[in-house]
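Accompanying notes for the structure given below.
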Amino acid sequence: MPRELLNTLFVTQPDCFVRLEGETLQVEREGKKVLQVPALHLGAVVLFGHAQMSSQAMAKCVSEGREVTFLDYSGRFRCRVVGPESGNVLLRAAQYDAYRSEEKSVAIAAAIVAAKIRNARQTVMRGARDTNIEDIANALRGAAAEMAGVVPLLRDCRTVDEARGLEGQAASAYFGVFGLLISAPAAHFSFQFRTRRPPRDRVNALLSFLYALLTSDCVAAASGVGLDSQFGYLHALRPGRPALALDLMEEFRSCIVDRLALNLINRRQLKAEHFNVREDAGGSVLLNDAGRRIVLEAYQRRKQENVGHPFLKTTMPLGLVPHLQARLLARHLRGDLAAYPPYLST
C-alpha cells in the first residue's frame with residue numbers, strides 16, 4: 001500500500017522547456033533556469049499547452065515509473081507517456097472477466113454511484129448548514145433529500161444502464177443547486193448548469209480544469225496497481241477513453257474537486273481576472289496562466305490534507321486515496337473482498 005505522496009511537477013508556461021540535469025529535472029524559460037527539482041521527489045510531470053520536455057528527461061521519468069502527461073491550456077487531456085506495461089496479467093484477466101459478468105459490473109457500478117451521491121450530498125448539506133438564508137438552506141435540503149432517495153434504488157439495479165440513469169438523476173439534483181453554494185458575486189461566478197467542451201462560464205471552466213487533473217491522477221492510480229485504466233464498468237468503453245479512471249474519480253468529484261472549487265471562489269482566491277473569455281471562440285471561458293497557477297497550488301495542498309478512511313479505519317493524505325481505492329478494487333477483482341468498498345468522505 002502506498003504510504004508516500006510524491007509531488008507532481010506542473011509546467012504551465014508555454015515557452016518552458018524541461019531538461020534532465022544529472023538526477024534533477026530543470027525547467028528553463030527563454031534559456032534561463034527557473035526551477036530545478038530532484039526527480040526522486042516527483043511522482044508525475046504534467047505539461048500544459050506548448051511546454052516541452054527533452055527526450056532524455058522523458059526517458060528517465062518513464063523508466064522510473066513516473067508518468068508524463070500532456071494537457072491543453074484548458075486542462076483537457078491530450079496524451080501521456082508511460083513505461084512498459086506492468087502488473088499481474090491475471091489481475092487484468094479478472095478485470096475483463098468482471099466486465100463480462102453483468103452481475104459483477106452492476107455491483108461495482110452501483111457501489112461507485114452510491115458513494116458519489118453520498119459524497120455529493122454531504123457537500124450540499126454542508127452548504128445548507130453554512131448559509132443563514134432560509135430559502136437557500138431549504139432548497140439545498142430539498143436537493144439533498146432527493147439525492148438520498150436515489151441511493152436505495154441502486155440496490156435493485158439489474159443493468160449498468162439503470163445505474164447510469166440513477167446517477168444522472170442525482171447529478172441533476174446536485175447541479176441544480178450547485179450555484180447556491182457560491183457566495184461570490186453572481187455577475188462573475190454564476191452557475192446555471194454544467195457545460196463542457198467548451199465551458200461557458202468561469203465556474204464550469206474551473207470544474208473542467210480540476211476534473212482533468214483528477215482524471216490524470218486516477219489514470220495513474222489504476223495503472224499503478226496493474227489495472228487497465230481504459231476498461232471500466234460504469235463508463236462505457238470508447239477508444240482512448242480511460243473508462244476505469246473515470247469510474248474511480250466519481251467518488252472524488254465532490255470531496256476533492258467541487259469543494260476545492262467552492263473554496264477558491266468563495267474565499268475570493270480566484271477572481272474574474274483569472275479567467276479569459278474568448279468571444280471569438282463561441283464564448284468559451286478558460287483559466288489564464290495566473291489562474292492556473294493558483295488552482296494548481298491549491299490542488300496540491302488539498303491532496304496533502306489528511307482524511308480518514310472509514311473502511312480501513314486509518315488516516316492518510318487525500319491524494320493517496322485514489323491509489324488506495326484502486327488497490328481495493330484490485331483486491332475485489334481477485335476475490336479477496338466480496339464487494340468493492342467505495343470511498344466515503346468524512
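The first residue of the sequence shown is numbered 1, and numbering continues consecutively from there.
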Holding to ring pair (Phe, Tyr, Trp, His ring centres under 6.0 Å), I want the full list of residues that pass it with [X], two or more places apart in sequence or in another chain.
{"X": "Tyr343", "value": "Phe252, His309"}
{"X": "Phe189", "value": "Phe275"}
{"X": "Tyr174", "value": "Phe178"}
{"X": "Tyr99", "value": "Phe231"}

Any side-chain heavy-atom pair from Tyr299 and Phe209 closer than 4.5 angstrom?
no

Check this for me: Glu273, atom CD, are more than 12 non-hydrogen atoms of other residues, nucleotides or ligands nearer than 6.0 Å?
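Counting other residues, nucleotides and ligands, CD of Glu273 exceeds 12 neighbours.
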
Would one find more than 12 heavy atoms of other residues, nucleotides or ligands at under 6.0 Å from atom CZ of Arg238?
no

Is Arg158 salt-bridged to Glu102, cutoff N-O under 4.0 Å?
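A salt bridge is absent here (no side-chain N lies under 4.0 Å from a carboxylate O).
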
In plain terms, say whether Arg302 and Glu305 are close enough for a salt bridge, that is, a side-chain N and a carboxylate O under 4.0 Å apart.
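Salt bridge flag = yes for Glu305 with Arg302.
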
Test of understanding: with side-chain hydrogen bond (donor to acceptor under 3.5 Å, both in side chains), list the residues that count as partners of Asn204, not counting sequence neighbours.
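Partners of Asn204 by the side-chain hydrogen bond (donor to acceptor under 3.5 Å, both in side chains) criterion, ordered by chain and then number, come out as Arg194, Thr195, Asp201.
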
Tracing side-chain links under 4.5 Å among I, L, V, M, F, W and Y, which residues wind up in one group with Met125?
none

Report the relative orientation of the aromatic rings in Phe191 and Phe175; use parallel for angles under 30°, tilted for 30 to 60°, perpendicular for over 60°.
tilted

